[in-house]
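A note on names: the letters A, B, ... follow the listed sequences, proteins ahead of strands, and every chain is numbered from 1.
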Amino acid sequence: MRLEELVRRLGSRYDVERWWPAESPWEIMVGAILVQRTAWENATMVLDDLRARGLLEVDAIDDLPLERLERLVRPAGFYRQKARSIKAMAAHLRGAHRSDPLGLLSKHPGSARKELLSLPGVGKETADAILLFAGRRPRFIAAAYVSRVLSRTGLFASQDYDEVQRYMEARLEPDPSTYARCYALMVQHARSTCRTRPLCDNCVLMDACAFTGRTGREGCLR
DNA sequence: ACCCAGGTGGCCC
DNA sequence: GGGCCACATGGG
């Protein structure tokens, strides 16, 4: 099976139109930190709380004492690291871009990515998520779930971030909407199958996994 | 009492 | 460059 075929099948199964709710670039940047290794619901909880308190602004975060932010971030887990990262991002934007995220996001994607990666708590995946969802730049997010789907379907076996990203970017239209949709579909699929059973939903429903064509545990995506 | 969740960075070899 | 680990809360 080719990637195109996989994406087509996933597209008929899942609705990922509202995968990342439409928010301002700064909210997406904060959300990208909050959601690291965390259920989206927990990250949104913090996001909603910050917004309700009028604290979802670059300057407000920069002015907020670290201990206060830590308390607010707690429900999203890793709260000390995340509070520090969010504050560092706010301080950087204020100091280098007049508190305007677009100052960073509208730069040449390569240098914007480098700049993001220099911030604490921002690795490749978070940088690419920010570039894609907040900056609408065509950077494919090579999340662990993406690697898992690719390897379990036999399309591409690498777990290396850069290799997986190159694989995807070489086969998709270099368009932010396409990247976002494919990423969301693959993550959604990897997450929604085989939570507790040896067989994933697809295997159970159709004898052989609809995506791998194989039966049993090896046929599953996790 | 486990396991998992839309990663990152530090340390070690 | 890879392997291991801490980081932490909330839900199943």
- request: Kindly say whether A/L56 contributes a backbone atom to a donor-acceptor pair with the side chain of A/E27 at under 3.5 angstrom?
  value: no
message: Angle between ring planes, A/W19 versus A/Y183, binned at 30° and 60°: parallel, tilted or perpendicular?
response: perpendicular
query: In whole angstroms, how far is the P atom of C/dT9 from the CD atom of A/Q36?
result: 16 Å
field: Hydrophobic cluster identity match, A/F78 and A/V122, side-chain contacts under 4.5 Å
entry: no
- request: Please report, rounded to the nearest Å, how far the C1' atom of B/dG7 is from the CD1 atom of A/I130.
  value: 12 Å
- prompt: Is there a path of hydrophobic side-chain contacts, each under 4.5 Å between heavy atoms of I, L, V, M, F, W or Y residues, that connects A/Y179 with A/M186?
  reply: yes
message: Work out how far the C1' atom of B/dA5 is from that of C/dG3, and round it to whole angstrom.
response: 22 Å
Donor-acceptor under 3.5 Å (A/Q159 side chain, A/A157 main chain): yes
- request: Under 4.0 Å from any atom of DNA chain B, heavy atoms only: list the residues of residues 17-34 of chain A that qualify, in numerical order.
  value: A/W19, A/W20
- request: Report the distance from atom CD of A/E70 to atom P of C/dT9, rounded to the nearest whole Å.
  value: 11 Å
Donor-acceptor contact below 3.5 Å, side chain A/K82 vs main chain A/A76: yes
task: Identify whether the distance between the nearest side-chain nitrogen and carboxylate oxygen of A/R71 and A/D49 falls below 4.0 Å.
output: no
message: Using a 4.0 Å heavy-atom cut-off, does A/Y79 contact any base of the nucleic acid, only the sugar-phosphate backbone, or nothing at all?
response: sugar-phosphate
statement: Whole-Å distance, A/D160 CG to C/dG2 P, equals 6 Å
message: From the set C/dT9, B/dT8, B/dA5, return the single nucleotide nearest to any side-chain atom of A/R37.
response: B/dA5
query: Which atom names give the shortest non-hydrogen contact between A/M89 and A/W26, and what distance separates them?
result: CE-CZ3, 3.9 Å
query: Choosing from B/dT8, C/dT9, B/dA5, which nucleotide comes nearest the side chain of A/Y145?
result: B/dA5
- prompt: Just how far, in rounded Å, is C1' of B/dG7 from CG of A/D128?
  reply: 13 Å
message: Distance check, P atoms only: B/dC4 and C/dC5, in whole angstrom units.
response: 16 Å
C/dG10 and B/dG9, which share atom name C1', separated by this distance in whole Å: 24 Å
query: Pairs in or reaching into residues 115-143 of chain A: which pass side chain to side chain donor-acceptor pair (under 3.5 Å), with residues at least two apart or in two chains?
result: A/Q36-A/T126, A/H92-A/E115, A/H97-A/E115, A/K107-A/E115, A/R113-A/D128, A/K124-A/D162, A/D128-A/Y161, A/D128-A/Q165, A/R136-A/S177
statement: A/E163 CD to C/dG2 C1', in whole Å, measures 13 Å
Atom pairs under 3.5 Å, N or O on each side, protein against nucleotides 9-12 of chain B: can you list them with distances?
residue: B/dG9; atom: OP1; partner: A/G121; partner atom: N; Å: 2.9

Got a list of protein N/O to nucleotides 10-12 of chain C N/O distances below 3.5 Å?
residue: C/dG10; atom: O4'; partner: A/N42; partner atom: ND2; Å: 3.3

query: Who are the salt bridge (charged side-chain N to carboxylate O under 4.0 Å, His left out) partners of A/E5, not counting sequence neighbours?
result: A/R8, A/R9
task: Nearest whole angstrom, please: distance from the P of C/dT9 to the CG of A/L72.
output: 14 Å
query: With sequence neighbours excluded, what pairs up with A/D160 under the salt bridge (charged side-chain N to carboxylate O under 4.0 Å, His left out) test?
result: none
- prompt: Does A/L64 offer a backbone N or O that forms a donor-acceptor pair with the side chain of A/K87 under 3.5 Å?
  reply: yes
task: Establish, with yes or no, whether the OP1 or OP2 oxygen of B/dT8 is under 4.0 angstrom from a side-chain nitrogen or oxygen of A/T126.
output: yes
- prompt: What's the NZ-C1' distance between A/K82 and C/dA8, to the nearest Å?
  reply: 8 Å
